[in-house]
There are 2 protein chains.
Amino acid sequence: MATIKDVARAAGVSPSTVSRVLAGHPRISQATRERVLQAMQELNYHPNAIARSLVTRTSRTIGLITSRPTEQAFANPFFPEVIRGIGSVLEEEGYNLLLATTHGEDDDYEACMRLFRGRQVDGVILTSSRLGDRLIAALVAEEQPFVLIGRPLDAEGRPVYSEAHWVNNDNVAAAQTAVEHLLSLGHRRIGFVNGPPHWVFTYDRLEGYRTALARAGIAYDPDLVLSGHITQQDGGRALERLLSLPDPPTAIVAVDDTLALGVLDAALRRGLRVPEDLAVVGFNDDPITAWTRPTLTTVRIPVFELGVMAARMLVSILRGQPVRPRQVILPCQLIVRASTVGEGRAGANV
Amino acid sequence: MATIKDVARAAGVSPSTVSRVLAGHPRISQATRERVLQAMQELNYHPNAIARSLVTRTSRTIGLITSRPTEQAFANPFFPEVIRGIGSVLEEEGYNLLLATTHGEDDDYEACMRLFRGRQVDGVILTSSRLGDRLIAALVAEEQPFVLIGRPLDAEGRPVYSEAHWVNNDNVAAAQTAVEHLLSLGHRRIGFVNGPPHWVFTYDRLEGYRTALARAGIAYDPDLVLSGHITQQDGGRALERLLSLPDPPTAIVAVDDTLALGVLDAALRRGLRVPEDLAVVGFNDDPITAWTRPTLTTVRIPVFELGVMAARMLVSILRGQPVRPRQVILPCQLIVRASTVGEGRAGANV
DNA sequence: CTGTTAGCGCTTTCAT
DNA sequence: ATGAAAGCGCTAACAG
């Protein structure tokens with residue numbers, strides 16, 4: 001395989017000169033540039049990016065940290081969608097995207113550090129965060145370039161790292177809106193089907209639920225709040241448990257459409273009428289929610305845009321440009337469909 | 001940032017020794033090993049993977065070539081699903097996954113070559129191929145380690161590169177089965193809503209369609225075959241065109257569920273009854289197809305398994321192990337639902 | 001405008 | 001069992 005030396009020899013110049021035409025250096029004569037270019041062509045030369053990285057200390061690659069095994073992460077439409085957003089800007093900017101594959105639950109810390117110290121990535125995007133996330137703490141401490149999709153909270157749920165870059169949607173407000181929608185329909189017993197509670201986004205959504213209830217003067221009932229994995233199965237299980245309560249809920253807020261789908265399916269199997277017997281609200285506006293019968297009321301999160309913004313931010317940071325607001329919050333939107341208001345009053349399907 | 005020299009100095013040994021404990025070299029005394037390990041810990045040392053790559057000529061990274069802009073690729077559930085499969089084995093094997101982001105349509109060739117020559121990846125997985133694909137030709141010519149999901153056909157549709165490694169589902173047979181299902185229901189005018197015809201999988205599915213018709217003694221009518229992008233919109237458009245024919249079809253085979261969804265939606269909007277007025281079959285068993293009303297008959301492709309097999313194969317190749325069969329074909333399965341046989345006769349939803 | 005030199009951080013013979 | 005030295009392919013001062 002041809003190296004820069006081979007090209008230099010073939011073109012009758014020094015390696016540095018070849019390196020210069022590679023870099024598009026201005027002060028180089030047209031004649032030699034062409035000779036070099038031709039030699040590269042003839043030898044089918046492609047520069048060794050690894051060797052270059054070693055000296056330039058950049059890789060033109062950014063890492064994506066999912067904090068979950070790939071197998072699990074990509075089961076939820078959120079990730080492909082956020083990658084679409086990220087990819088659309090990285091393609092323009094000429095960066096590659098490295099998926100950090102993490103074995104289990106918590107070695108994403110090690111994996112991420114390895115990527116950085118190993119100089120395999122110039123920066124990373126974290127797609128989610130946990131309460132008191134130690135990965136974020138380490139990234140902040142080491143001043144590594146990163147952007148978080150979400151927001152950093154300490155173990156007690158207090159905002160931290162005001163210097164960190166992140167892009168988020170206001171999950172507290174979003175959940176609050178969802179619950180208020182149900183309250184306005186007359187519901188008073190509202191169940192909350194949560195995912196794993198250590199994630200910040202689930203924490204925030206629960207926060208919104210509690211806030212909405214408090215404002216309505218409804219006491220918080222822990223029996224109405226269940227958490228599990230974000231799968232249809234666990235959604236269905238949660239519903240069964242809630243329905244077995246002495247005073248079961250008349251409406252459910254699920255923190256993810258996948259859970260909501262499980263709830264919906266279980267409810268229909270049980271012969272419940274939705275929304276007459278049970279109203280259901282999900283999160284994310286998964287394309288599937290427009291097709292279910294009844295169609296599913298859900299909170300639309302601007303996932304693609306979240307990815308775009310995060311990538312743009314990171315690229316700016318890597319360029320050394322100051323990022324104007326270090327934190328940005330994108331709006332959510334409640335999509336009211338038939339699972340809460342019934343066929344007649346719901347909006348269009350698609 | 002600590003380097004191997006720093007560790008060596010701190011431990012009072014030479015860099016080579018540090019390198020040896022890093023590599024788990026056997027002939028090294030327990031005492032020095034521990035001193036080195038401790039020094040690494042104290043200095044928070046992480047080896048520079050780039051520097052290592054430069055000398056070992058491996059990166060422990062494999063590339064994923066989608067041959068489409070990320071933004072487009074990840075709009076179809078096929079990619080996340082295949083990545084789930086790939087990721088599940090790469091995590092075990094300790095490989096990273098690099099998404100090669102390609103600007104437009106055909107620079108995936110350049111991008112892929114850059115990855116290889118640049119030593120950024122040890123091998124690649126191609127997620128799809130075109131008729132007479134020059135990327136495959138180049139990879140074969142240069143003997144680069146790669147696995148194709150699909151199969152290589154020349155520009156005329158003839159199988160080529162019998163030495164190449166690939167994993168595929170039998171798209172010809174699958175499409176044939178789908179059409180035969182419709183024939184068995186009495187349909188004689190069957191429309192075919194295709195994607196871009198230069199892809200091998202669309203070519204193969206069209207092949208299957210033609211074969212089934214031929215066997216049934218039905219003449220091939222080019223007016224019944226339309227191609228477009230794989231979007232719901234183009235699916236809807238195709239249906240409109242087909243319905244405006246003097247002798248419109250009573251059934252549609254779409255090469256992808258996304259197209260089928262577009263067809264279904266357009267049909268329902270038009271007030272057609274499905275399947276009474278129009279039967280619809282899709283491909284891929286997108287989760288959404290179990291939720292539509294009517295539920296969608298579709299051909300289930302083992303996408304996850306395709307990813308698993310491809311990754312396993314590639315890892316074996318990289319290990320230098322001979323891969324037993326160089327080509328493997330995974331079975332498809334026709335999932336009969338209400339869009340062809342009506343509610344009563346369809347199977348369970350999920 | 002171009003060549004010389006040094007070195008990025010690591011692995012790997014070859015000695016000892 | 002360990003160290004010395006060379007080199008992976010490239011870039012980046014520094015000369016000229």
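Each chain gets a letter, A, B and so on, in the order the sequences are listed, and its residues count up from 1.
- At whole-Å resolution of the value, CZ in B:R60 and C1' in C:dC10 are 17 Å apart.
- Rounded to whole angstrom, the span from the CZ atom of B:R9 across to the P atom of C:dG9 amounts to 12 Å.
- Between the NE2 atom of A:H25 and the P atom of C:dT2 there is a distance of 10 Å, given to the nearest Å.
- Applying the side-chain contact (heavy atoms from CB on, under 4.5 Å) test between A:D108 and each of A:L126, A:T66, A:L135 identifies A:L135 as the sole match.
- Side-chain contact between B:I136 and B:V160: absent, with no pair of heavy atoms (C-beta onward) separated by less than 4.5 Å.
- Regarding contacts with the backbone of C:dC1, every side-chain N or O of A:T32 stays at 4.0 angstrom or more from both OP1 and OP2.
- Put simply, the side chain of A:S29 and the base of C:dT2 share no donor and acceptor less than 3.5 Å apart.
- At most 12 non-hydrogen atoms from other residues, nucleotides or ligands lie less than 6.0 angstrom from CD of A:Q41.
- Going from atom CG of B:L54 over to atom P of C:dG9 covers 12 Å, rounded to whole Å.
- Counting non-hydrogen atoms of neighbouring residues, nucleotides and ligands closer than 6.0 angstrom, the CD atom of A:Q38 reaches no more than 12 such neighbours.
- Counting any heavy atom pair closer than 4.0 Å across all strands shown, B:S16 reaches a base atom.
- Rounded to an integer number of Å, the gap from CG of B:N48 to C1' of C:dG7 is 14 Å.
- Atom C1' of nucleotide C:dT12 and atom CZ of B:R20 are separated by 8 Å, given to the nearest angstrom.
- Counting non-hydrogen atoms under 4.0 angstrom, A:V18 reaches nothing in the nucleic acid.
- B:S19 comes within contact range of at least one nucleobase, with a heavy-atom separation under 4.0 Å.
- Open room surrounds CZ on B:R324; 12 or fewer heavy atoms of other groups in view lie less than 6.0 Å from it.
- Look at CE on B:M1: it is 12 Å from C1' on C:dC8, rounded to the nearest Å.
- Heavy-atom contacts of chain A under 4.0 Å fall on DNA chain D between two terminal nucleotides, which in 5' to 3' order are D:dG9 to D:dC14.
- Between the side chain of B:Q120 and the backbone N or O of A:I50, no donor-acceptor pair lies under 3.5 Å.
- Computed from coordinates, the A:R119 CZ to C:dC8 P distance equals 13 Å when rounded to whole Å.
- Counting non-hydrogen atoms of other residues, nucleotides and ligands closer than 6.0 Å to CD of A:E143 gives a total of 12 or fewer.
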